[in-house]
Amino acid sequence: MAFCKYSFDMLANNTTAVDNIFINNYLPYADPMFVKVYLYGLYKCQDSNSKDNTIENFANELHLSTEEIEKAFAYWSEQGLVHILNVIPFEVRYLPITDVLNNYKKYNEKKYVNFNTQAQEILNGRMITPNEYREYYDLVERLHIEKEGLLMIIGYCVKVKGNNVSYAYISTIAKDWANKKITTAKQIEEKISEIEGLYGETEGLIKSLGLKRALNVDELELFKKWVVNQGFDLEIVEFVAKKCKGKNFVFEAIDKQLDKYFSLKLFSIDEIKTFEEEKKNIFKITTCLLKNLGLYYENLEPVIDNYVFNWLNMGFSEKMLEEVSNFCFKTNVRSLDGMDRVLAKFHKMGILSENALAEYFDEVLVKDKKIKAILESVGLSRNVNQYDRDKYKIWKDVWLFSDELVEYACSLAVGKDQPMQYLSTILASFNDKNIKTIEDAKTSFNIVSPKEKKSSFSTGRSYTKEEANSLFQSIDEIEI
């Protein structure tokens with residue numbers, strides 16, 4: 001028994017390190033039960049001296065039979081990740097995974113005699129090297145690709161690339177299909193039939209791009225995505241291909257373009273042409289908006305995709321966007337996100353055109369000038385705030401007081417310590433008593449009429465930077 005060891009509580013609260021090589025190269029291809037056994041065994045290694053560390057307890061804890069545990073460790077022994085020291089009593093030692101990758105794994109080549117012969121017959125243009133054979137054995141044993149299926153993959157790659165196809169290319173295709181759970185001979189045969197069924201439809205695409213070869217597997221997968229998954233007609237794929245011809249990574253360029261058309265639900269050449277024409281104008285709009293905001297982007301595509309398209313789809317006119325960009329600059333909202341929030345508030349209010357915006361601004365400015373006049377009449381020289389606007393809205397829109405009655409109440413609040421609060425109290429009293437005229441107010445309060453003076457209320461639209469800030473404050477309270 002070990003002199004020092006972890007307590008059970010400390011062991012339970014500790015961590016078990018799993019090598020990323022295991023996660024990347026082994027876990028995806030192994031039987032889930034084998035993976036469970038390997039990981040739990042890795043955990044038990046931390047308490048290897050415990051009396052309970054037996055195969056019987058191990059099996060009970062995982063709700064498996066001892067035969068299943070032995071089968072799992074036999075598999076990991078074949079992979080080179082563990083070494084079985086004894087069968088009775090069953091004893092296993094975990095090995096460093098890096099050692100497995102750095103040393104050639106030994107395979108039972110007798111199992112592969114027929115496979116080797118058939119593989120060489122398929123690759124009759126060159127000799128298969130020992131390293132290449134070991135790569136194929138690894139694909140069979142680690143990724144569980146059936147030998148007959150792997151021969152089909154080799155044959156398919158020869159058909160696409162010729163007899164000199166590299167085994168690295170064959171291995172890449174095999175691993176890709178294994179990741180997609182295509183490992184049996186039947187599944188691989190169906191996959192090859194599916195791909196070959198697409199070849200006849202790719203002639204127009206090949207011609208559009210000026211290629212002198214058939215499409216490779218990755219390119220065919222993209223072609224399938226465009227035609228089968230996204231539903232584009234062949235003429236659209238060829239139309240886009242001609243526009244992308246000559247670009248670096250041309251298939252990626254076609255894919256990016258078709259993804260955009262798919263997201264915008266553009267499924268005809270006429271729709272795409274119309275969109276592209278409009279897009280030229282959108283570039284001009286975007287440049288103008290960025291200039292107004294004091295911003296610069298070398299690539300306008302993200303700005304258009306993430307902002308301008310959305311704004312236009314919300315119904316905002318081009319002139320409206322230009323007006324709002326100028327408005328945002330004057331109010332120190334100099335970002336696309338900031339302008340987006342302002343537009344969201346206008347959208348909520350149904351203000352989508354420059355005319356509607358002008359009417360709204362006129363209304364706000366007129367009200368703010370009237371409120372400013374009220375503040376000055378009671379002896380205050382500060383700017384209008386949202387509290388003032390809310391009070392004014394109640395006086396005018398809810399209680400329906402005339403400008404004259406509000407002005408009269410202002411005269412009563414002059415000289416008070418808190419004139420605006422006093423004014424609110426007076427007007428609330430007027431409302432309680434249903435007072436709507438100055439005469440009724442004088443009678444009710446028995447107050448001598450103050451000296452008549454000209455009304456300082458004024459109307460008219462103006463749009464200075466100061467007023468822009470006032471307008472911005474008025475919409476800043478709107479919830480979206």
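Reckoned from all heavy atoms, side chains included, excluding hydrogens, waters and symmetry mates. Bear in mind that the values here come from a model prediction, so they are computed numbers and not experimental data.
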Asks: In terms of side-chain geometry, is the basic nitrogen of D176 or K180 positioned less than 4.0 Å from the acidic oxygen of its partner?
Replies: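 Looking at K180 together with D176, the answer is yes, because their closest N to O distance falls below 4.0 Å.
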
Asks: Does the pair K191/E221 count as a salt bridge with the N-to-O cut at 4.0 Å?
Replies: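 The answer is yes: the pair qualifies as a salt bridge.
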
Asks: Under a 4.0 Å N-O cut-off, is there an ion pair linking E278 with K280?
Replies: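 The answer is no: the pair does not qualify as a salt bridge.
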
Asks: Please check this pair: side chain of E271 against backbone of S268, looking for a donor-acceptor N/O pair closer than 3.5 Å.
Replies: yes

Asks: Could you check whether any side-chain heavy atom of V342 comes within less than 4.5 Å of a side-chain heavy atom of T331, counting everything from C-beta outward?
Replies: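 They are not in contact (no side-chain heavy atoms under 4.5 Å apart), so the answer is no.
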
Asks: Start with the C-alpha gap between K207 and E238, add the side-chain angles, then the distance that decides, and say whether salt bridge (charged side-chain N to carboxylate O under 4.0 Å, His left out) holds.
Replies: CA-CA 9 Å; K207 184 177 179 181; E238 293 162 16; over 6 Å; no

Asks: Would you check if the side chain of N281 reaches a backbone N or O of E277 as a donor-acceptor pair within less than 3.5 Å?
Replies: no

Asks: In terms of side-chain geometry, is the basic nitrogen of R382 or D388 positioned less than 4.0 Å from the acidic oxygen of its partner?
Replies: yes

Asks: Of the non-hydrogen atoms in Y167 and N131, which two are nearest, and what is the gap between them?
Replies: OH-CB, 4.1 Å

Asks: Below 4.0 angstrom, N of the basic side chain to O of the carboxylate: do K186 and E146 qualify?
Replies: no

Asks: Quick check: does any side chain N or O of W76 sit under 3.5 Å from a backbone N or O of F34, one acting as donor and the other as acceptor?
Replies: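 Such a contact is found between W76 side chain and F34 backbone.
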
Asks: Does any part of the side chain of Y297, heavy atoms only, come nearer than 4.5 Å to the side chain of I304, both counted from C-beta?
Replies: no

Asks: Below 30° counts as parallel, above 60° as perpendicular, anything between as tilted: where do the rings of F361 and F327 land?
Replies: tilted

Asks: For L123 and N163, work out which heavy atoms get closest and say how close.
Replies: CD2-O, 3.9 Å

Asks: Would you say E135 and S171 are linked by a side-chain donor-acceptor pair, where the criterion is simply a distance under 3.5 Å?
Replies: yes

Asks: Are the side chains of I192 and W177 in contact, using a 4.5 Å heavy-atom criterion?
Replies: yes

Asks: Fit a plane to each ring of Y38 and Y94, take the angle between them on a 0 to 90° scale, and name the class: parallel (under 30°), tilted (30 to 60°) or perpendicular (over 60°).
Replies: tilted

Asks: Set out, in order, the CA-CA distance, both residues' side-chain angles and the distance that settles side-chain contact (heavy atoms from CB on, under 4.5 Å) for T184 and E148, then state yes or no.
Replies: CA-CA 8 Å; T184 68; E148 295 79 5; over 6 Å; no

Asks: Could you tell me which non-hydrogen atom of L289 sits nearest to which non-hydrogen atom of S325, and how far apart they are?
Replies: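 In this case the closest contact between L289 and S325 is CD2-OG, 3.7 Å.
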
Asks: Are the side chains of F58 and F73 in contact, using a 4.5 Å heavy-atom criterion?
Replies: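 F73 vs F58: side chains touch.
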
Asks: From K367 NZ over to L365 CG, what is the distance, rounded to the nearest 0.5 angstrom?
Replies: 11.5 Å

Asks: Decide salt bridge (charged side-chain N to carboxylate O under 4.0 Å, His left out) for E252 and K256; before the verdict, give the C-alpha distance in whole Å, the side-chain angles of both, and the deciding distance to 0.1 Å.
Replies: CA-CA 6 Å; E252 288 83 349; K256 182 179 179 181; over 6 Å; no

Asks: Does this structure show an ion pair linking E141 with K147, if we count only N-O contacts that are shorter than 4.0 Å?
Replies: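 No.
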
Asks: Quick one: do K175 and L139 satisfy side-chain contact (heavy atoms from CB on, under 4.5 Å)? Show the steps, please.
Replies: CA-CA 8 Å; K175 289 176 180 177; L139 292 171; 3.9 Å; yes

Asks: How about OH on Y387, more than 12 heavy atoms from neighbouring residues, nucleotides or ligands closer than 6.0 Å, or not?
Replies: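 Above 12, so yes.
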
Asks: Give the C-alpha distance, both sets of side-chain angles, the deciding distance and a yes or no for side-chain contact (heavy atoms from CB on, under 4.5 Å) between F239 and K273.
Replies: CA-CA 10 Å; F239 173 77; K273 286 181 176 179; 3.9 Å; yes

Asks: So Y137 and Y133, would you call those rings parallel, tilted or perpendicular, with 30° and 60° as cut-offs?
Replies: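 If you compare the ring of Y137 with that of Y133, the planes turn out parallel.
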
Asks: Before giving the answer on salt bridge (charged side-chain N to carboxylate O under 4.0 Å, His left out), spell out for E318 and K284 the whole-Å C-alpha distance, their side-chain angles and the decisive distance to 0.1 Å.
Replies: CA-CA 10 Å; E318 296 173 18; K284 293 180 182 177; over 6 Å; no

Asks: Is it true that the side chains of Q230 and D259 contain a donor and an acceptor less than 3.5 Å apart?
Replies: yes

Asks: Measure from NZ or CZ of K161 to the centre of the six-membered ring of Y169 and say whether it is under 6.0 Å with the direction within 45° of the ring axis.
Replies: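 Judged by the rule (NZ or CZ under 6.0 Å from the ring centre, within 45° of its axis), K161 counts as positioned above Y169.
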
Asks: Can you give me the closest heavy-atom contact between G155 and I122, atom names plus distance?
Replies: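 Closest approach of G155 to I122: CA-CG2, 3.7 Å.
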
Asks: May I ask you to decide if L336's main-chain N or O and R341's side chain share a donor-acceptor pair within less than 3.5 Å?
Replies: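 Looks like no, no N/O pair under 3.5 Å.
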
Asks: Check whether D255 reaches the backbone of F251 with its side chain - one donor and one acceptor, N or O, closer than 3.5 Å.
Replies: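 No.
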
Asks: Would E301 and K260 count as a salt bridge (charged side-chain N to carboxylate O under 4.0 Å, His left out) if you check the C-alpha gap in whole Å, the side-chain angles of each, and the deciding distance to 0.1 Å?
Replies: CA-CA 11 Å; E301 290 278 356; K260 179 176 290 185; 3.0 Å; yes

Asks: Hey, are the side chains of Q257 and K243 touching, using non-hydrogen atoms and a 4.5 Å cut-off?
Replies: no

Asks: Could you check whether R134 pairs with E109 (Lys NZ or Arg NE/NH1/NH2 to Asp/Glu carboxylate O, under 4.0 Å)?
Replies: no

Asks: Please find the pair of heavy atoms, one from M339 and one from L293, that lie closest to each other, and give the distance.
Replies: SD-CD1, 3.9 Å

Asks: Please work out whether the ring planes of F275 and Y261 are parallel, tilted or perpendicular, with thresholds of 30° and 60°.
Replies: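 Because their plane-to-plane angle is over 60°, the rings of F275 and Y261 count as perpendicular.
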
Asks: Measure the shortest side-chain to side-chain distance between L321 and L312 over non-hydrogen atoms and say whether it is less than 4.5 angstrom.
Replies: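 Yes - at least one pair of side-chain heavy atoms lies under 4.5 Å apart.
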
Asks: Report yes or no: is the cationic atom of K265 (NZ for Lys, CZ for Arg) closer than 6.0 Å to the six-membered ring centre of F262, at no more than 45° off its axis?
Replies: yes

Asks: Any idea which heavy atoms bring L352 and G315 closest together, and the distance?
Replies: CB-O, 3.8 Å

Asks: Is any side-chain heavy atom of N124 less than 4.5 Å from a side-chain heavy atom of Q120?
Replies: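 Of all side-chain heavy-atom pairs linking Q120 with N124, none is under 4.5 Å.
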
Asks: Is it true that D337 and Y307 share a donor-acceptor pair across their side chains at a distance under 3.5 Å?
Replies: yes

Asks: Just wondering, more than 12 heavy atoms not from K279 lying within 6.0 Å of its NZ?
Replies: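 Check passes, neighbour count above 12.
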
Asks: Rounded to the nearest 0.5 Å, what separation is found between the CG atom of D340 and the CG atom of N310?
Replies: 7.5 Å

Asks: Classify the ring geometry between F115 and Y136 as parallel (under 30°), tilted (30 to 60°) or perpendicular (over 60°).
Replies: perpendicular

Asks: Verify the ring-centre separation between H144 and Y75: is it less than 6.0 angstrom?
Replies: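 Yes.
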
Asks: Are side-chain heavy atoms of V18 and L27 found at a separation under 4.5 Å?
Replies: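 Not touching, per the 4.5 Å side-chain cut-off.
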
Asks: What residue among I195, T202, L198 forms side chain to side chain contact (heavy atoms under 4.5 Å, CB included) with L215?
Replies: T202

Asks: One pair to check against side-chain contact (heavy atoms from CB on, under 4.5 Å): C328 and R334. What are the steps and the verdict?
Replies: CA-CA 6 Å; C328 287; R334 298 176 185 178; over 6 Å; no

Asks: Does the side chain of Q386 pick up a donor-acceptor pair with the side chain of D390 at under 3.5 Å?
Replies: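 Looking only at side-chain atoms, D390 and Q386 do form a donor-acceptor pair, the distance falling under 3.5 Å.
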
Asks: So how far is it from L266 CG to I272 CD1, rounded to the nearest 0.5 Å?
Replies: 6.0 Å

Asks: Are the aromatic rings of F346 and W311 close, with centres under 6.0 Å apart?
Replies: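 Ring-ring flag for F346/W311: false, centres at least 6.0 Å apart.
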
Asks: Look only at the side chain of Q187 and the backbone of T183, and say whether a donor-acceptor pair between them is shorter than 3.5 Å.
Replies: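 Flag set: sc Q187 to bb T183 pair under 3.5 Å.
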
Asks: Looking at N20, is its backbone amide N or carbonyl O close enough to the side chain of N24 to form a donor-acceptor pair, meaning the two atoms are under 3.5 Å apart?
Replies: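 The answer is yes, because a donor-acceptor pair under 3.5 Å joins these two groups.
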
Asks: Could you measure the distance from the NZ atom of K242 to the CG atom of L205? Nearest 0.5 Å is fine.
Replies: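 It comes to 11.0 Å.
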
Asks: We want to know whether E354 and S317 form a side-chain donor-acceptor pair, criterion being a heavy-atom distance below 3.5 angstrom.
Replies: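 The criterion, which ignores hydrogens and geometry beyond distance, is satisfied for S317 and E354.
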
